[in-house]
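Working notes for the structure below.
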There are 2 protein chains.
Amino acid sequence: MTSKQEFIEKLRNSSLRPTKQRINICEVLFNRDKTFHFTINDLFNLIKDKTGENVSLATVYNTVHAFLKKGYLKEIPINSNQTYFDTNVTDHHHFFDVKEEKLIDIKNEDVGPIEIQKSIPGKKIKSVEVLVKLED
Amino acid sequence: MTSKQEFIEKLRNSSLRPTKQRINICEVLFNRDKTFHFTINDLFNLIKDKTGENVSLATVYNTVHAFLKKGYLKEIPINSNQTYFDTNVTDHHHFFDVKEEKLIDIKNEDVGPIEIQKSIPGKKIKSVEVLVKLED
DNA sequence: CTTTAATATTATAATTATTCTAATCTCTTT
DNA sequence: AAAGAGATTAGAATAATTATAATATTAAAG
Ligand SMILES: [Mn+2]
Ligand SMILES: [Mn+2]
Ligand SMILES: [Zn+2]
Ligand SMILES: [Zn+2]
């Protein structure tokens with residue numbers, strides 16, 4: 001359980017102004033035990049439900065993108081028409097349950113080292129992510 | 001170089017009606033030597049450019065999804081606000097050049113076998129795809 | 001070889017997703 | 001405490017995707 005005051009400090013330390021909207025978003029996102037995989041819309045609805053306050057959808061987009069840039073969230077590529085985000089910012093991989101449309105974490109050590117035997121001149125590897133699709 | 005007549009046959013054999021629109025789309029998509037990675041919008045613009053004819057954007061969506069279902073195209077998950085598609089339907093992986101916003105194929109053998117040491121009860125693996133992001 | 005009817009397809013219109021920007025708020029400097 | 005600079009919010013605009021009414025294709029009947 002992180003307090004409102006702690007979120008304010010964390011935001012300030014990241015040179016993000018601690019607005020009412022951002023504090024609400026922090027409480028929904030980061031007051032959790034487990035990894036949280038969500039779409040912008042999931043988050044938007046949870047904010048209304050959990051805090052009772054209204055944050056505009058555009059602000060949810062803005063804030064999620066700000067948190068992404070600061071490294072507090074990760075964007076997860078899955079082939080859906082919606083982008084997913086992840087509060088687990090460590091290096092890891094995912095199952096995607098196609099039927100349930102749900103992401104499940106896979107720890108790095110459960111996949112083993114991935115050796116890419118090809119390289120592109122002038123470019124270096126930024127990240128390597130595995131997506132395992134599941135069916136029944 | 002595949003002829004119009006061949007596309008008509010292929011469509012018929014897939015129980016897809018060989019409409020003027022679909023034949024145009026086939027010519028843009030499949031009259032190529034190399035793998036083609038594209039967004040719906042790329043394809044929409046190329047149809048106008050290459051065939052001179054107008055196919056509505058909705059029809060491009062419809063047709064791409066029809067071809068996907070038939071296995072003539074693959075959907076590629078990258079974290080962008082747009083979905084990419086691929087004429088290379090064999091099992092393979094990708095680099096994504098973040099700056100250029102371009103996909104590059106990686107052959108399966110250039111990645112080696114990927115052993116997933118975790119399983120979800122009642123679910124089986126449908127596909128395993130690696131996405132390697134590149135930066136300068 | 002028509003005509004007809006069932007079904008598939010197209011493309012406009014509607015909806016949903018995302019971004020832009022003018023008005024507002026926060027914070028630093030005085 | 002007041003003002004100015006810059007950051008943030010959220011309504012409006014745009015872009016992406018889907019739903020459905022109109023049209024086209026095909027197979028069957030005459
Ligand atoms: Mn999208
Ligand atoms: Mn493109
Ligand atoms: Zn995760
Ligand atoms: Zn490819």
Side-chain angles (χ1 to χ4, degrees), chain A residues 4-5 7-29 37-48 51-70 72-73 75-85 101, chain B residues 4-5 7-29 38-48 51 53-70 72-73 75-85 101:
Chain A
K4 196 162 161 168
Q5 204 45 238
F7 287 132
I8 292 176
E9 278 163 37
K10 272 186 190 166
L11 287 166
R12 279 232 177 78
N13 290 338
S14 320
S15 49
L16 293 172
R17 293 182 177 173
T19 62
K20 194 159 58 81
Q21 291 88 339
R22 280 175 176 167
I23 294 161
N24 283 334
I25 292 172
C26 282
E27 292 193 341
V28 174
L29 282 182
H37 297 118
F38 64 97
T39 64
I40 294 282
N41 232 267
D42 294 337
L43 181 54
F44 177 70
N45 290 129
L46 277 172
I47 293 162
K48 266 199 296 226
T51 73
E53 303 196 40
N54 262 86
V55 176
S56 81
L57 192 54
T59 296
V60 179
Y61 274 94
N62 286 336
T63 303
V64 165
H65 288 144
F67 287 179
L68 258 188
K69 193 160 10 175
K70 293 291 175 185
Y72 302 149
L73 290 174
E75 198 174 1
I76 305 300
I78 57 157
N79 59 351
S80 153
N81 52 348
Q82 270 209 276
T83 306
Y84 278 70
F85 298 90
E101 297 204 327
Chain B
K4 197 162 159 168
Q5 203 46 236
F7 287 132
I8 292 177
E9 278 163 37
K10 272 187 190 168
L11 287 166
R12 280 233 175 76
N13 290 339
S14 321
S15 49
L16 293 171
R17 292 181 179 174
T19 62
K20 193 160 58 80
Q21 291 88 338
R22 280 176 178 166
I23 294 160
N24 283 334
I25 292 172
C26 281
E27 292 192 342
V28 174
L29 282 181
F38 63 97
T39 65
I40 294 282
N41 232 267
D42 294 338
L43 180 54
F44 177 70
N45 291 129
L46 277 172
I47 293 162
K48 267 199 296 225
T51 73
E53 303 197 40
N54 262 86
V55 176
S56 82
L57 192 55
T59 296
V60 179
Y61 274 94
N62 287 334
T63 303
V64 165
H65 287 143
F67 287 180
L68 257 189
K69 192 155 22 173
K70 292 291 175 184
Y72 301 148
L73 290 174
E75 199 174 0
I76 305 299
I78 56 155
N79 60 351
S80 154
N81 53 347
Q82 269 208 278
T83 307
Y84 279 70
F85 298 91
E101 297 203 328

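Chain A is the first sequence line, chain B the second, and so forth, proteins listed ahead of strands; every chain is numbered from 1. Excluded from the calculations below are hydrogen atoms, water molecules and symmetry mates; all remaining heavy atoms, backbone and side chain alike, are included.
Legend: salt bridge (charged side-chain N to carboxylate O under 4.0 Å, His left out) pairs involving residues 56-66 of chain A, not counting sequence neighbours: none detected. Within the structure, salt bridge (charged side-chain N to carboxylate O under 4.0 Å, His left out) contacts touching residues 53-67 of chain A (residues at least two apart or in different chains) are Lys20(A)-Glu53(A). Legend: side chain to side chain donor-acceptor pair (under 3.5 Å) pairs involving residues 60-70 of chain A, not counting sequence neighbours: none detected.
Smallest separation of non-hydrogen atoms from Leu11(B) and Pro18(B): CD1-CA, 3.8 Å.
In this structure, the side chain of Arg22(B) engages the main chain of Arg17(B) through a donor-acceptor pair within 3.5 Å.
Counting to the nearest Å, the P atom of dA12(D) and the OH atom of Tyr61(A) are 18 Å from each other. Atom CG in Leu57(B) sits roughly 15 Å away from atom P in dA19(D) (whole-Å rounding). Residue Lys70(B) contributes atom NZ, which lies 11 Å from atom P of dA8(C) at whole-angstrom precision. Taking atom CG of Asn41(B) as the reference point, atom C1' of dA17(C) lies 15 Å away to the nearest angstrom. Atom CD1 in Ile40(A) sits about 17 Å away from atom P in dT16(C), given to the nearest Å. For the pair Phe44(B) CZ and dA11(C) C1', the computed distance is 11 Å after rounding to whole Å. Per the geometry, CD belonging to Glu53(B) stands 10 Å off P belonging to dA11(C), to the nearest Å. Spacing between atom CG of Leu68(A) and atom C1' of dT18(C) amounts to 14 Å, rounded to whole angstrom units.
Remark: Gln21(A) pairs with Thr19(A), Val55(A), Thr59(A) by the side-chain contact (heavy atoms from CB on, under 4.5 Å) rule, at least two apart or across chains. In terms of the side-chain contact (heavy atoms from CB on, under 4.5 Å) criterion, residue partners of Asn45(A) (sequence neighbours excluded) are, by chain and number, Asn41(A), Lys48(A). Contacts of Asp42(A) classified as side chain to side chain donor-acceptor pair (under 3.5 Å), with partners at least two apart in sequence or in another chain: Thr39(A). Considering only residues two or more places apart in sequence or on other chains, Phe7(B) meets the side-chain contact (heavy atoms from CB on, under 4.5 Å) condition with Thr2(B), Cys26(B), Glu27(B), Phe30(B), Asn31(B). Applying the side chain to side chain donor-acceptor pair (under 3.5 Å) criterion to Ser14(B), with sequence neighbours excluded, gives Tyr72(B). Partners of Phe38(B) according to the ring-ring contact (aromatic ring centres under 6.0 Å, His included) rule, which considers only residues two or more places apart in sequence or in another chain, are Phe36(B), Phe85(B).
Contact between the side-chain N/O atoms of Gln21(A) and the OP1/OP2 oxygens of dA10(D) is found at a separation under 4.0 Å. Close to dT18(C), at under 4.0 Å from its OP1 or OP2, lies a side-chain N or O of Thr83(A).
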Per-nucleotide pairing state of DNA chain D [Watson-Crick or G-U, under 3.5 Å; [ ] pseudoknot-crossing; | other strand]
||||||||||||||||||||||||||||||
I'd like to compare against my own output: the B/S/- annotation of nucleotides 21-30 of chain C with a strict under-4.0 Å heavy-atom distance to protein.
-----BS---
Under-3.5 Å N/O pairs linking protein and nucleotides 13-15 of chain C:
none

